[in-house]
Amino acid sequence: MTVGVLAVDGGQSGTKVRLESGGERTEQKFPGVQTDEAVLPQLARVIKRIISETPAQIDTVAVGTTGLVKEEHDAGRLAELIDSAHLRHLALAHDSVTSYLGALGNEHGTVVAAGTGVVTLGVGPNRVARIDGWGHIMGDAGSGYWIGQQALMAVMRDYDGRGEHTALTAVVKERWPDLSEAYIDLQALPDRISTVASFAASVAELADSDQIAARICARAGKELADSAATALRRVGLENSGSVPVAAIGGVFEGQHVRESFTQELHTRHSGAQVQAVTGNGLDGVQLLAQLPAGHALQELISRCRR
């Protein structure tokens, strides 16, 4: 019987899975993790489905996920929910850890992962610091949701006559022709978080021609740079010479945000080197069980062996 290794990357916009067995690799995408529900049962449902649909015996599962609070950082509980006789090794970590591993591996530095939400992780010789990742109500400054929210607020200021005119108004009216009813419809949507975040793409596209969009991008970049610089300081790398910083996620695909981020970060830390990154969250998930003993990230990872 072929043995399989399953990597699971749970995000708000989607849960990505990668199965490797018999020298072959397949990837699928499932609905995102809902942070207003218990996270482990959601992950277990996806994993059980993959196990039931593949002929390979999956004996190793590695998971990196958003929404992982302390009480759920329990790989043993996840193994119980999966309830597979073939499962021998399971590693579970917050997605800030797997994003870091996918981007920088074992290097010391900082990774800013900005998609629908945002979380920053700094790793130094002796310390680890997580910055933000506190959700759309209390944090996620500079994230896709934050950018989308700023856009919607600017549109409503334009609509009221309280603020400058912005081309973003026409974009939002494509979704809600009657802007006076938009907030009611938005609040009722089950996918309102991803809906708000979806407007970040329009902000990035209009930043060359619309001052409001350009300002939002500039502010987002500064917020993200503040998180990166704070992480470097908290892990003792603020006085280092050259130090790698990885900026990953869809938000950084926008030129204006990335330029603002890079400029502000260099102002705060002249040695910060923004890296070109080829790895992703799934790559980081696969590295979970391969960290050397004593690595600073070990304390953030819970493992279960059966």
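Just so we're clear, the structure is a prediction, and the values are computed from it rather than from any experiment.
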Quiz prompt | Evaluation steps, salt bridge (Lys or Arg N to Asp or Glu O under 4.0 Å), between D83 and K48 | solution = CA-CA 8 Å; D83 190 26; K48 286 170 70 72; 5.3 Å; no
Quiz item: Can you tell me how far CG of D9 sits from OG1 of T65, rounded to the nearest 0.5 angstrom?
Solution: 8.0 Å
Quiz item: V123, L101: one ILVMFWY side-chain cluster at the under-4.5 Å cut-off?
Solution: yes
Quiz item: Has the side chain of R219 got a donor or acceptor atom that lies under 3.5 Å from a matching backbone atom of G221?
Solution: no
Quiz item: Does the side chain of D226 come within less than 4.5 Å of T230's, by heavy atoms?
Solution: yes
Practice problem: State, yes or no, whether a side-chain contact exists between L186 and T195 at a heavy-atom distance under 4.5 Å. | Solution: yes
Quiz item: Which pair of heavy atoms, one from H269 and one from E238, lies closest together, and at what distance?
Solution: NE2-O, 3.4 Å
Quiz prompt | Heavy-atom pair of closest approach, residues G4 and S21 | solution = CA-CB, 3.8 Å
Quiz item: Just one of T98, D95, V8 clears the side-chain contact (heavy atoms from CB on, under 4.5 Å) bar with V285, so which one?
Solution: T98
Exercise. Check the pair H94 / S96 against side-chain hydrogen bond (donor to acceptor under 3.5 Å, both in side chains), numbers first and verdict last.
Key: CA-CA 5 Å; H94 190 272; S96 60; 2.9 Å; yes
Quiz item: Between R130 (side chain) and G133 (backbone), is there a donor-acceptor pair under 3.5 Å?
Solution: yes
Quiz item: V118 and V128: same hydrophobic cluster, using ILVMFWY side-chain contacts below 4.5 Å?
Solution: no
Quiz item: Rounded to the nearest 0.5 Å, what separation is found between the CD atom of E174 and the OG1 atom of T169?
Solution: 11.5 Å
Quiz item: For the atom pair CG (N239) and CG (L232), what is the distance rounded to the nearest 0.5 Å?
Solution: 10.5 Å
Quiz item: What do you reckon, is CD of E24 surrounded by more than 12 foreign heavy atoms closer than 6.0 Å?
Solution: no
Quiz item: Does a side-chain heavy-atom distance below 4.5 Å link W134 with V119?
Solution: no
Quiz item: In terms of side-chain geometry, is the basic nitrogen of R18 or D283 positioned less than 4.0 Å from the acidic oxygen of its partner?
Solution: yes
Quiz item: Does CD belonging to Q263 count more than 12 external heavy atoms closer than 6.0 Å?
Solution: no
Exercise. Calculate, to the nearest 0.5 Å, the distance between atoms CZ and CD1 belonging to R45 and I82 respectively.
Key: 12.5 Å
Self-check item: Greater than 12 external heavy atoms within 6.0 Å of I184's CD1
Solution: yes
Quiz item: Sub-3.5 Å donor-acceptor pair from the side chain of R234 to the main-chain atoms of A231, do we have one?
Solution: no
Practice problem: Say whether F261 and I216 are linked into one hydrophobic cluster, either directly or through other cluster members, by side-chain heavy-atom distances under 4.5 angstrom. | Solution: yes
Practice problem: For residues V5 and L19, determine if any side-chain heavy atom of one lies less than 4.5 Å from a side-chain heavy atom of the other. | Solution: no
Quiz item: Hey, is the main chain of A114 close enough, under 3.5 Å, to the side chain of S143 for a donor-acceptor pair?
Solution: no
Quiz item: Where the side chain of R88 meets the backbone of A85, is there a donor-acceptor pair that is under 3.5 Å apart?
Solution: yes
Exercise. Kindly indicate, with the supporting measurements, whether the criterion side chain to side chain contact (heavy atoms under 4.5 Å, CB included) is fulfilled by M156 and M153.
Key: CA-CA 5 Å; M156 299 318 296; M153 292 172 67; 6.0 Å; no
Exercise. Could you tell me whether the side chain of D210 and the main chain of I212 form a donor-acceptor pair under 3.5 Å?
Key: yes
Exercise. With rounding to the nearest 0.5 Å, note down the distance linking CG in L43 to OG1 in T15.
Key: 6.5 Å
Quiz item: For the residue pair A204 and C217, what are the closest heavy atoms and their distance?
Solution: CA-SG, 4.2 Å
Quiz item: What's the shortest heavy-atom distance between A7 and L282, and which atoms?
Solution: O-CD2, 3.7 Å
Exercise. Just do the side chain to side chain contact (heavy atoms under 4.5 Å, CB included) check on V171 and L206 with the steps written out, would you?
Key: CA-CA 10 Å; V171 174; L206 291 171; 4.0 Å; yes
Self-check item: Closest heavy-atom pair and its distance - A218, S260
Solution: O-OG, 2.7 Å
Quiz item: Have D158 and H165 got a donor and an acceptor in their side chains that come within less than 3.5 Å?
Solution: yes
Practice problem: Compare all side-chain heavy atoms of E37 with those of Q42 and state whether any distance is below 4.5 angstrom. | Solution: yes
Quiz item: Are Y100 and F252 linked, directly or through other ILVMFWY residues, by side chains that come within less than 4.5 angstrom of each other?
Solution: no
Quiz item: Side chains of T166 and R157: does their closest heavy-atom pair fall under 4.5 Å?
Solution: no
Practice problem: For the pair I50 and F30, evaluate side chain to side chain contact (heavy atoms under 4.5 Å, CB included) and give the outcome as yes or no after the intermediate values. | Solution: CA-CA 11 Å; I50 298 296; F30 295 88; 3.6 Å; yes
Quiz item: Would you find a donor on one side and an acceptor on the other, under 3.5 Å apart, between the side chain of S84 and the backbone of H86?
Solution: yes
Quiz item: Honestly curious: do I131 and L265 fall in one hydrophobic cluster under the side-chain, below-4.5 Å linking rule?
Solution: no
Self-check item: Under 3.5 Å: donor-acceptor pair, side chain of H266, backbone of A272
Solution: yes
Quiz item: To the nearest 0.5 Å, how far apart are CZ in R127 and CG in L237?
Solution: 8.5 Å
Quiz item: Is a side-chain N or O of T262 found less than 3.5 angstrom from the main chain of E259, in a donor-acceptor match?
Solution: no
Practice problem: List the steps and the verdict of side chain to side chain contact (heavy atoms under 4.5 Å, CB included) for V112 and I248. | Solution: CA-CA 6 Å; V112 184; I248 64 176; over 6 Å; no
Practice problem: Find out whether Q273 and V243 are in side-chain contact, i.e. whether some heavy atom of one side chain is under 4.5 Å from a heavy atom of the other. | Solution: no
Quiz prompt | Contact check, side chains of V63 and I47, non-hydrogen atoms, under 4.5 Å | solution = yes
Practice problem: Kindly give the heavy-atom pair with the smallest separation between G117 and D140, and that separation in Å. | Solution: CA-OD2, 3.5 Å
